[in-house]
Structure formats: structure tokens, C-alpha cells
4 protein chains.
Amino acid sequence: MSQNKKQQLLDAALSLFTRQGIQATATAKIAKEAGVANGTLFHHFASKQVLVETLYLSIKADMATALTPPDTSLSVQAQLQHIWQAAINWGLAHPQQFQFLRQMANDPQYLLSQQHAMLSQALPFLPQLIEQGQQQGELAGWPQPLMLNTCHSLFLSTVSLFAEQPALAADPASRQAAFDMLWYGMARQA
Amino acid sequence: MSQNKKQQLLDAALSLFTRQGIQATATAKIAKEAGVANGTLFHHFASKQVLVETLYLSIKADMATALTPPDTSLSVQAQLQHIWQAAINWGLAHPQQFQFLRQMANDPQYLLSQQHAMLSQALPFLPQLIEQGQQQGELAGWPQPLMLNTCHSLFLSTVSLFAEQPALAADPASRQAAFDMLWYGMARQA
Amino acid sequence: MSQNKKQQLLDAALSLFTRQGIQATATAKIAKEAGVANGTLFHHFASKQVLVETLYLSIKADMATALTPPDTSLSVQAQLQHIWQAAINWGLAHPQQFQFLRQMANDPQYLLSQQHAMLSQALPFLPQLIEQGQQQGELAGWPQPLMLNTCHSLFLSTVSLFAEQPALAADPASRQAAFDMLWYGMARQA
Amino acid sequence: MSQNKKQQLLDAALSLFTRQGIQATATAKIAKEAGVANGTLFHHFASKQVLVETLYLSIKADMATALTPPDTSLSVQAQLQHIWQAAINWGLAHPQQFQFLRQMANDPQYLLSQQHAMLSQALPFLPQLIEQGQQQGELAGWPQPLMLNTCHSLFLSTVSLFAEQPALAADPASRQAAFDMLWYGMARQA
DNA sequence: GATGAATGAGAGTTCATTCAT
DNA sequence: GATGAATGAACTCTCATTCAT
């Protein structure tokens, strides 16, 4: 029963957080939506902050699991595209989880570098792949923070756009365009 | 004296909003920081919401004013670079205003399309310039929402990165790299 | 100009008081409705309380003026009916003034005896007429407070009823019935 | 413990409402008088409005319970007198409850017809009894609203008068007089 | 006389958290 | 483990009143 209610609380919290924001969601509402008593929430999570962090860790792990490592025998471009497509697909398949991640990533109480660290854990392989691409001369030799920043920024905004305009997401050309923007933006110019 | 205290309130609000977020800032704190009585805030702004909107409109107008229209006799690339540099410079020169705009642009209570509309007012010329670039064959013919999304997303994330890592902002190569990412991401591939 | 604005304030106050109650009406709203500045109200009335009292005195005087003394050569019943009809007519002709008076008469902060005193000033002749009727044996010899209480109570409730149900007020039989209830209620039983 | 504090709050509210009026009583004062924390009030009642309504319903039910139905084998007059005496006695025995009811019944935010409906629930049997009296020819055939209006109005004002002047209430003749005013006011004239 | 910006005490309400059961 | 009543600080907003102009 214990794990049961704990998970119900996490589910309810995710649903409410994406509907009305993290700050704007009262713990009492979460408990009610989960169908448990007010105090039960604090039995499983020491504070609202802990609940939020637990949810964040769980979602990050969930996403990391969904992103299978790219086949290293492929080209850097193919590998990056594999990661990109998997990430976009995960975001579209898990809109609440993605929305929550996006909210966390834009929380002004965290520094940008912390936000990058957060996202990088969800998008593993990425930093190494970029470095590899630079060493092989396929990617421009710009500073890593700049490259990562672009990857994260385009990932978040592209999923948001696709989620809001399903017609775009359903169009293979737009899907390809979204990746091309990332790739040619970072690619080394001949 | 009137405009005096009203402006003090706007200044104090901006300062606090960027330090601790909009929701997390109490109206009483704003009044205290502004050195006025609690009720004075509500004499000038019917509600906290109105204060936020007033601040937003004022900042958006301020930014729009700072961005002079590009010389239309230049190439599309040169025009876009002009806008981009001016926008980046404005963001770095007005870190609080920029941070506030970024918070508003990421507020989950607005749809992405509304956020685009908001930003487009602060970045005029951009939609037309993109269209012009597409017609002249310099930019890829991808859907406008995709192009605008990339512009906004990279603008916001780049200024944030530069603001947090001044060394990058001070490096002309990084500055150029940031623009190149945008340009080659959107440019038509030969 | 002075008397002008003072009267505008009294008019606005009466209108708002009857629409939303005395306590629920803010002085700022009164000033706004009167088309004068906030502080002007306190220029003419030392406090909201004074404004209310001034309004009350003015309405009471207005009503007293409207009620012409009965022809003392008539029977007590005819005299009472004259007063009653005049009072009812005044109430129906001045719904806002009446409503305000009724609000004052039901204010729990005043004792009932004070409320009687208030109403008696607006309905002069009544106490003496009742006494006269009792001496002549036409009215029952019950204590004055009981008689006055009935008069006031039926006056207030009858006008309220007629005001809310105009069809009743327009029916001469109902008008007569309302008076008969008062008269036969107080009349000496044979 | 739950019902304990909830009842304490209702008791405190009733006491304060009758002393200083409903609007003029702050929720904080109620909580303080009840000896509970500020938030406890809102744990039991969603709003001040709900507290007021709960109190009203409870008092109305209390009064309705106290008024036993009249013996239908008696004359209409005897039945009416039974109801009248019971109502007056209840009002005098529960001065705070009565005062509160009176405040509600005079609240200008309700229409008179709503006020009648409210009182009729506390004074059941009355409408049918009046109709019966009219059919049997003992009461005048005037419109029901007029009759009910008189009943309510005289009930409220009589208890108020008796409560303020205990000497009157203690005098059997005055008690009888109060009822006679109602009866002969409504009785059919021979 | 008239203005309206300024005040600050106080209103109703919310909410994360505690704790006795 | 689970409950939900209880808490009290903090929130946004209201308002009668003051006063410099």
C-alpha cells in the first residue's frame, strides 16, 4: 500500500504541476487528487521541495532510460540525429513529464549552468558526441557551453512547438527541418 | 511626486522579480523596497497582475525602441546580424529587463504561440526579414513557426549564457559563433 | 459650486447605499460616482459616519415635509388613514430614500427604542393620534410602545412589499387591506 | 475534537454577530473568541459566507424543531395563537439566535420574497393555516403575501420589543395584546 | 474649496507543515 | 503507515482618512 500511495502522489503532483505550475499547486490539492489524506504526503516526502525533486529525478531517469545510446559505428551526424529523434519522441510521448522538465529548466532560481547540468543528465552521450564531432572536424570548434546551450534550447523549444502544433510534429519534413537547424547550426562550414 | 513613486515601484518590482521570481515576490516586499507604503502599490496598480503587465509592456517598448530597423539595402544576412547583435547587446546591457522578459516568455500559463507573439513585438522586422530571406533563396523554406521558434529560443538562451559567463560574451569569436549558429541553422543549404 | 458638490455627494451616496448597503459602499466609490475627487468628500463631511447622518437627517426632514398633518376634524380612523396613505405613497415615490431609512431602522447597532425615536420624527402626529384614539375609545388601550411598534413595523414591511410587487401596490383593494390590517389590529374590539 | 472547535466557532460567531453585526465582525475576531487559530476557521468553513450560512441553517432548524405543530382539532385562532406563542417564546428564550435571524431577514442583499421564504421555513404550518382560516371565513380574504408579510413583520418586531423591554414581555396582557393585534388585523370583519 | 497621491491598519483567505490519534 | 484537524505566518487587496499642493 505504501508504494502505491507514494506513486499516486507523484502522479497527481505531475498532473497538477503541468496544469497549473509547481508554485501554484498546493500540497493539499495534490493529496486530494491522489485520493490520500493531507498528512500522507508529508509521510512520504519530507517537504514539497523533496516531492518536486523526487519527481524530477524520477522523470530524468525515465527519460535517460528511454534514450538508448547511439551506434558508435555511425557517423557523428547520424548519431546526433538518433539522439535528437529519440529525445523529441520521448518529449512528445510524455507531454507531462516533458512540461515538468521544461518548467524546472526555466526556473529562475537555478543558474543556467545548473540547468545545463540537469539536462545533460537526461541527455547523456551528448557532450562526448559533440566533442567527438569537433575532433573529427564535422562540427565547428566553438566553445562547448555554446554548443550545449544550443542543443538544450532547441530541444526544449522544438518539443514545445510540436506539442502545441501537432500538424508540424506529424510532418516528416518539419521533423527533419528541426534537426537540420541544429545540425547545420553547429556543423563546420566548408 | 506621483510618477516618482510609481516608477520606484516598477524599479523595485523589476529588481525583486529578477532576483526571486514573479510569483515568489510579495507585493509588500515590493512596496518596502520602493520605500512606499503597502497601499501605495495598489493606488498605482489595480493588482499585482496589472503591475506585472505594466512592467512587461514598458520593457517590451524599451527594447523595441532600442532595436533600430536594419538598413534594407544590406543583404538579408547582414540585416539579420544587425538585429541579432542589437538584441543581444540590449539583453546584456539590461540584464534585469532581459531576465524579466525571459521569465514572462517561459511562463507556462501562456501558450507558446502567445509567447511568440509577445517576443515578436519586441523583435519587430524579424518575421518579414525571414520571409524575405526565404523568397530570395538565402534561407531554407521551412515553416515560419519553426524559424521564429529557433530565433526566439536561441536569442533567449544565448543572452542568458553570455550573461552568466561574461568571458564568453567578451570574446568576439563566441559572439560571431552565436550568430553563425542561428544563420547556418536557418540558411538554405547549397 | 460648494453646495453643488455636496449635494452630488449626497445623491451618489444614497444611490450606492441602496444598491449595495451602507457598510459595503466605499467612500472612494461615492466620490467617483459624484464625479468629485476623493478628498472632496472629507471636505464636506468630517467622516463617512457624518455623511450617513447628514443623509439620514435630510431624508427624514424630506419625509416629514411630505406628510401633511391630518385634518383634526376628521375621525381618528380617517386621520390615521390619511397619515398611512401619505407615508406609503411617500415610500413608493421615493424608493431610494425609503430603502435607506429602512436600512438605518434595522441597523443592529441602534436600540429598538432609538429606532422608534428615529421613525417617530419622520412620522409626526402619530403618537398623539394614537393616544387620542385610545382616549376616545376607538383604539385598544394597549401600551404605546406596542402600538407604535406595530405601526412602524407594518409601515416598513408594507412599503417594502409593495415596492417589490408593484401589482399589489397598484391594486386599490390591497392598499385598503394593508391599512385595515393596521386599523383592526389596533382598534378596540366591541 | 473536531466538532468541538467547529461548534466553538459557531458559538463565537453568533455571539459576535449579534453584538456588532455580521459585516462588522472580522473572522480573526471569531477565531480569537473561539480560542482557535485563524486558519482553523477556514478549515471548517470554506469562507465567512459559508460560516454565516451554516449558522443560519442551524438556527433555522433549531427554531423549526422548537415549534411543535398545532393541534389541528382546535380552531384556527387557537392554532395560530399556539404558533405565535411558541415563536415568541423561542425568540425570547434564544435572544442571540433570534437577533441573528432578524439580521438575516433584514439583509438588503436579499429580496423580500427570499426573506419570506427564509422565515417560512422557520415558521412552518403558517401558510397552510392562513389559507385554511381564509377558507373557513375566519380570516380576511386578502392576498397571501400581504398576510405573511404582516405575520413575519409583527413576529420580528414584537420579539425585538419584548427583548428590549422585559417588563412588557412579562406582562400577560401585553402578550395577549401582541397576538390580538395580529389576529384582529387579519380576521374577517363581521 | 478642491484635489488625488499617500497611508497603514486590517480584511478575508491560503498553505506548507505538524502531530495526536 | 495513514489520517485530517489544527496551526499561524504570509499573502493580496481594501478603505477611511490625511495632507501638501
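Chain letters run A, B, ... following the sequence lines, proteins first and then strands; every chain starts at 1.
Following rounding to the nearest Å, Ile30(D) (CD1) and dT13(E) (P) show an atom-to-atom distance of 10 Å. Taking atom CG of Asn4(B) as the reference point, atom C1' of dG4(E) lies 16 Å away to the nearest angstrom. Remark: P of dG1(E) and CG of Leu9(C) are 13 Å apart, rounded to the nearest angstrom. In this entry the distance linking CG of Leu41(B) with P of dC11(F) reads 13 Å, nearest Å. Counting to the nearest Å, the P atom of dC13(F) and the CG atom of Leu51(B) are 10 Å from each other. Atom CD in Gln7(A) sits roughly 17 Å away from atom P in dG1(F) (whole-Å rounding).
Not a single side-chain hydrogen bond (donor to acceptor under 3.5 Å, both in side chains) links Gln99(A) to another residue, sequence neighbours left out. The side-chain hydrogen bond (donor to acceptor under 3.5 Å, both in side chains) search around Ser47(A) returns none, not counting sequence neighbours. Not counting sequence neighbours, His43(B) has no partner by the side-chain contact (heavy atoms from CB on, under 4.5 Å) test. The side-chain contact (heavy atoms from CB on, under 4.5 Å) test applied to Thr40(B) returns Leu9(B), Val36(B), Ala37(B), His44(B), not counting sequence neighbours. For Gln96(D), the side-chain hydrogen bond (donor to acceptor under 3.5 Å, both in side chains) criterion is met by no residue, not counting sequence neighbours. Remark: Ser160(D) engages Arg102(D) in a side-chain hydrogen bond (donor to acceptor under 3.5 Å, both in side chains) (not counting sequence neighbours).
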Using a cut-off of 4.0 Å between protein heavy atoms and nucleotide atoms, how would you tag nucleotides 15-21 of chain E 5' to 3' with B, S and -?
SBBB---
Using Watson-Crick or G-U wobble pairs with both distances under 3.5 Å, give me DNA chain E in dot-bracket, 5' to 3', with [ ] for crossers and | for pairs to another strand.
.||||||||||||||||||||
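For residues 49-60 of chain D, the set of pairs meeting the side chain to side chain donor-acceptor pair (under 3.5 Å) definition, not counting sequence neighbours, comprises Gln49(D)-Glu53(D), Lys60(D)-Gln121(D).
Contact check, Lys5(A) against dT3(F): a side-chain N or O comes under 4.0 Å of OP1 or OP2. An OP1 or OP2 oxygen of dA6(E) is reached within less than 4.0 angstrom by a side-chain nitrogen or oxygen of His44(B).
With contacts defined as side-chain heavy-atom distances shorter than 4.5 Å, the pair Lys32(B)/Lys29(B) does not qualify.
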